[in-house]
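Read the structure below first, then the notes.
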Amino acid sequence: QVRLVESGGGLVQAGGSLRLSCAASGRTFSWYRMGWFRQAPGKEREFVATISWSAGNTYYADSVKGRFTISRENAKNTVYLQMNSLKPEDTAVYYCAAGPLVGTPPRGKYDYWGQGTQVTVSS
């Protein structure tokens with residue numbers, strides 16, 4: 001089994017920054033792609049960003065492109081989401097996910113999910 005644990009969420013003022021972390025443990029050999037999703041109250045879950053583990057290819061949702069950066073640290077089995085120039089509309093629970101390298105981003109097959117971390121941006 002695979003476990004994903006997010007951390008780094010919190011309360012920040014508009015224009016500020018946060019860095020989210022996602023630590024993976026367990027049998028991770030079967031996944032090749034990791035990504036971030038978010039869900040605001042009363043809204044559908046939406047794609048944020050993804051990265052291929054080996055090549056480091058990234059893809060971003062238009063709503064965060066230029067403001068957010070996804071990266072990975074292989075030795076720690078950890079993926080990061082650096083969030084800059086935060087806006088109130090970025091407020092959501094952010095989820096880390098992992099899966100095989102199939103499909104074309106933002107489409108994919110994400111088999112494993114973390115429990116989420118709350119990000120709140122005040123105006």
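Along the sequence shown, residues carry numbers from 1. No hydrogens, no waters, no symmetry mates; every other heavy atom, side chains included, goes into these values. All values reported here derive from a predicted model rather than from experimental measurement.
Proximity of a side-chain donor or acceptor of Thr78 to a complementary backbone N or O of Lys76 within less than 3.5 Å is detected. Judged by distance alone, with hydrogens and angles left aside, the side-chain atoms of Ser52 form a donor-acceptor pair with the main-chain N or O of Asn57 at under 3.5 Å. With Gln13 contributing its side chain and Ser122 its backbone, the two residues share no donor-acceptor pair below 3.5 Å. Side-chain N or O atoms of Gln39 include one that pairs as donor or acceptor with a backbone N or O of Lys43 at under 3.5 Å. The backbone N or O of Thr91 sits nowhere less than 3.5 Å from a side-chain atom of Thr120 that would complete a donor-acceptor pair. Put simply, the side chain of Thr117 never gets that close to the backbone of Ser7: no donor and acceptor are under 3.5 Å apart.
Every residue two or more places apart in sequence or in another chain that forms a ring pair (Phe, Tyr, Trp, His ring centres under 6.0 Å) with Tyr59 is listed here: Phe47. Residues satisfying the salt bridge (charged side-chain N to carboxylate O under 4.0 Å, His left out) criterion with Arg67, sequence neighbours excluded, are Asp90.
Hydrophobic cluster membership differs between Tyr80 and Ile70, with clusters built from Ile, Leu, Val, Met, Phe, Trp and Tyr side chains linked at under 4.5 angstrom. Cluster annotation: Leu18 and Ile51 are assigned to the same hydrophobic cluster (Ile/Leu/Val/Met/Phe/Trp/Tyr, side-chain heavy-atom contacts under 4.5 Å, transitive).
Distance check, rounded to the nearest 0.5 Å: CZ of Arg38 to CD of Glu89 gives 8.0 Å. Note that OG of Ser17 is 5.5 Å distant from CD of Gln82, once rounded to the nearest 0.5 Å.
A cation-pi geometry, defined here as NZ or CZ lying under 6.0 Å from the six-membered ring centre and within 45° of its normal, does not hold between Arg72 and Trp36.
Tyr94 and Leu81 make their closest contact through CD2-CD2, 4.1 Å (heavy atoms, listed as atom of the first residue, atom of the second, distance). Looking at every heavy atom in both residues, Ala14 comes nearest to Ser123 through CB-CA, 4.4 Å.
In this structure the side chain of Trp53 reaches within 4.5 angstrom of the side chain of Asn74, judged on heavy atoms. The closest side-chain heavy-atom distance from Cys22 to Met34 is below 4.5 Å.
Of the options Val119, Val79, Val48, a side-chain contact (heavy atoms from CB on, under 4.5 Å) to Leu20 is made by Val119 and by none of the others.
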The test is side-chain contact (heavy atoms from CB on, under 4.5 Å); show your working for Leu86 and Phe68 and say whether it passes.
CA-CA 9 Å; Leu86 283 163; Phe68 291 8; 3.8 Å; yes
Sequence neighbours excluded and cut-off under 3.5 Å, please list the side-chain donor-acceptor pairs for residues 96-109, or say none.
from: Lys109; atom 1: NZ; to: Asp111; atom 2: OD1; distance (Å): 2.5
from: Lys109; atom 1: NZ; to: Asp111; atom 2: OD2; distance (Å): 3.2

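Within 6.0 Å of CD in Glu46 there are more than 12 heavy atoms belonging to other residues, nucleotides or ligands.
Between Tyr110 and Phe37, the ring planes lie perpendicular to each other; the angle is over 60°, past the 30° to 60° tilted range.
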